[in-house]
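What follows is a single structure, written as structure tokens, with notes after it.
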Amino acid sequence: MIVLIRNAAVYQPEYAGKKDILILGDKIAAVEENIKAEFSGTISVEEIDGTGLLAVPGFVDSHEHIMGGGGEGGFMTRTPEAMLTDLTLNGITTVVGCIGTDGVTRDMAALLAKAHGLEEEGITTYVYTGSYQVPVHTLTGSLMKDIMLLDKVIGAGEIAISDHRSSQPTYEEFVRIVSDVRVGGMLSGKAGVVNIHLGDSPRLMDLIWRTVKETEIPFTQFLPTHVNRNEALFQSCMEFAKEGGVIDFTGNEEIDYWESICDEVRVCKGIRRLLEAGVSKDNFTVSSDGQGSLPVFNSRGEFQGIGVGKASCLLKEVKECVTREDIPLEIALRAVTSNPARILKLKKKGHILPDYHGDICLLREKDFSLHTVIAKGQVMVREGEAVVKGTFEKQGKKTGGK
Ligand code: ZN
């Protein structure tokens, strides 16, 4: 399969001007002006007119409950797993799956199976080993073995701290986890990052701060998430980012509602504050927490039920950075492309450059809506419609199976 995009405004994520992009097989072969190429015989070439479109790297979602999560309100509040189009229709071409609160009925075998399924359907997938719980429930019985021997495992997470749903890990337990993950990563050439779920207790980032101050473990071994959950937590995380750590915002499709009932920090405002405080444009990411559970309350504060997190928030947050806070698109894009790819050491991801994977989103210049999504050279979404659907999303006829 060959895809040739003509005359799109290319963000690598740095702006590179109007260019053509040639994708051969699963990789980008060239990003140049007026590419001249001739193909003969039965080779199928899809040529896309990129006029009026922005070409940006496919999104890397570093925290998504791909096989569902939730359950905190009883079994009926377990959330459903992600279908392929929950990701591709929102521009996501690489996803890192995680478990969440329930590490009993959802385990590593099931998470890996789900990740393999999505990969077979066309996108790129990785997972963190473990769940909220400590000791960490691994597949092989050892954190280091999971990271070193299972291709898809790139780190551990989401380990919960400062949360009433956590295992209340002690400092010693916490440091042991981080050091095992770090060494496992070193020995296998992977990131060995620990994705930390931050709850809303006043202990904030205490365990992480103590670890970087009292041990040799560097800031970059952590990817703390939900950093914008409340103002106090965000301030501590902002300090962490100033010192060289990378912090992960959780996108929020319903932020107008949440801003009205709590002090959650709007992603675009948080990124603006980081940049103004001198934090590097490389040191923040945004993930979706997709398929995670979201308790919903009415205007009187009464519990109404559990909603499901949506991966659509990534594109929405990029758009808000540009339209509400005037952050340059090439900086906003880093949060969902090159930054997560770098901290997680995902090879050939997060940039539109020759030899990188052909993971590209085309956005309409006028409103940033999604036009085309290409994952490893395969067109998944065309004119906003899914052309590749997941196994259970296809319209089929019943064939008499009993
Ligand atoms: Zn979480």
Side-chain angles (χ1 to χ4, degrees), residues 59 61-66 68-74 76-83 85-87 89-92 98 100-101 132 158 160 162-165 197-202 204 224-238 247-274 284-327 332 335-336 367-370:
F59 298 162
D61 188 358
S62 66
H63 185 106
E64 161 106 21
H65 300 274
I66 55 175
E72 288 109 324
M76 65 188 271
T77 63
R78 288 158 56 87
T79 55
E81 63 182 54
M83 296 288 102
T85 49
D86 290 324
L87 303 163
L89 284 173
N90 295 309
I92 295 163
C98 58
T101 319
Y132 275 21
E158 59 173 318
S162 304
D163 194 301
H164 63 97
R165 294 162 293 178
H197 161 102
L198 295 166
D200 58 6
S201 113
L204 309 171
T225 187
H226 316 321
V227 303
N228 49 323
R229 176 189 290 282
N230 61 52
E231 178 59 31
L233 181 63
F234 181 66
Q235 285 183 19
S236 180
C237 294
M238 199 150 87
I247 61 173
D248 182 49
F249 290 86
T250 299
N252 190 337
E253 194 57 75
E254 316 281 348
I255 186 64
D256 291 330
Y257 161 75
W258 290 94
E259 263 191 337
S260 72
I261 60 160
C262 65
D263 63 345
E264 178 166 334
V265 177
R266 199 171 191 116
V267 171
C268 58
K269 290 184 187 167
I271 291 180
R272 158 66 59 208
R273 287 168 64 188
L274 290 179
F284 50 85
T285 62
V286 180
S287 65
S288 74
D289 205 12
Q291 307 304 122
S293 60
L294 293 168
V296 179
F297 302 90
N298 65 16
S299 57
R300 294 187 299 281
E302 293 157 345
F303 178 72
Q304 297 291 291
I306 300 271
V308 181
K310 296 192 190 79
S312 53
C313 59
L314 293 192
L315 179 55
K316 177 235 158 201
E317 302 299 4
V318 168
K319 186 177 167 182
E320 275 204 5
C321 280
V322 177
T323 56
R324 289 179 74 112
E325 292 295 324
D326 222 14
I327 295 167
V336 294
D367 61 359
F368 294 93
S369 61
L370 206 57

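For the single chain, residues carry numbers from 1 onward in sequence order.
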Could you walk me through whether Leu370 and Leu89 satisfy the side-chain contact (heavy atoms from CB on, under 4.5 Å) test, starting with their C-alpha distance in whole Å, then the side-chain angles of each, then the deciding distance to 0.1 Å, before giving a yes or no?
CA-CA 8 Å; Leu370 206 57; Leu89 284 173; 5.6 Å; no
Who passes ring pair (Phe, Tyr, Trp, His ring centres under 6.0 Å) against Phe234, sequence neighbours left out?
Phe249
Apply ring pair (Phe, Tyr, Trp, His ring centres under 6.0 Å) to His197 and list each qualifying residue two or more places apart in sequence or on a separate chain.
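His197 satisfies ring pair (Phe, Tyr, Trp, His ring centres under 6.0 Å) with Tyr132, His226 once adjacent residues are dropped.
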How far apart are the C-alpha atoms of Glu317 and Val336, what are their side-chain angles, what is the distance that settles it, and do they pass the side-chain contact (heavy atoms from CB on, under 4.5 Å) test?
CA-CA 10 Å; Glu317 302 299 4; Val336 294; over 6 Å; no
Just wondering, are more than 12 heavy atoms of other shown residues or ligands nearer than 6.0 Å to CG in Asp326?
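No, not enclosed.
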Any heavy-atom pair between the side chains of Thr77 and Ser293 that's under 4.5 Å?
no
Just so I know, are the side chains of Val267 and Glu320 near enough to count as touching, which here means a heavy-atom distance under 4.5 Å?
no
Between Ser288 and Glu64, do the side chains contain a donor N or O and an acceptor N or O under 3.5 Å apart?
yes
When you check the side-chain N and O atoms of Thr225 and Glu158, is any donor under 3.5 Å from an acceptor?
no
Rounded to the nearest 0.5 Å, how far does OH of Tyr257 lie from SG of Cys262?
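Spacing of SG (Cys262) from OH (Tyr257) equals 8.5 Å.
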About how many Å separate CD1 of Ile306 and CE of Met76, when rounded to the nearest 0.5 Å?
9.0 Å
Qualifying residues under salt bridge (Lys or Arg N to Asp or Glu O under 4.0 Å), relative to Glu259, sequence neighbours excluded:
Arg266, Lys269
For Arg273, salt bridge (Lys or Arg N to Asp or Glu O under 4.0 Å) partners two or more places apart:
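Here the qualifying residues are Glu231.
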Between [X] (side chain only) and [Y] (backbone N and O only), is there a donor and an acceptor less than 3.5 Å apart?
{"X": "Arg229", "Y": "Leu198", "result": "yes"}
{"X": "Thr79", "Y": "Gln291", "result": "yes"}
{"X": "Arg165", "Y": "Thr101", "result": "no"}

Give me the atom names and distance for the closest heavy-atom approach of [X] to [Y].
{"X": "Val286", "Y": "Gly251", "value": "CG1-N, 4.0 Å"}
{"X": "Ile271", "Y": "Cys321", "value": "CD1-SG, 3.9 Å"}
{"X": "Ser287", "Y": "Ser62", "value": "CB-OG, 3.5 Å"}
{"X": "Ala311", "Y": "Ile92", "value": "CB-CD1, 3.5 Å"}
{"X": "Cys268", "Y": "Ile327", "value": "O-CD1, 3.8 Å"}

Contacts of Leu204 that satisfy side-chain contact (heavy atoms from CB on, under 4.5 Å) - sequence neighbours left out
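side-chain contact (heavy atoms from CB on, under 4.5 Å) check on Leu204 returns Ala232, Leu233, Ser236.
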For a side-chain contact (heavy atoms from CB on, under 4.5 Å) check, start with the C-alpha distance between Asn252 and Asn228, then their side-chain angles and the critical distance, and finish with the verdict.
CA-CA 10 Å; Asn252 190 337; Asn228 49 323; 5.8 Å; no
Apply side-chain contact (heavy atoms from CB on, under 4.5 Å) to Asn90 and Asp61, showing your working.
CA-CA 10 Å; Asn90 295 309; Asp61 188 358; over 6 Å; no
Taking side chain to side chain donor-acceptor pair (under 3.5 Å) as the test, write out the residues that go with Asp289, two or more places apart.
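In terms of side chain to side chain donor-acceptor pair (under 3.5 Å), with neighbours along the sequence ignored, Asp289 is linked to His63, His65.
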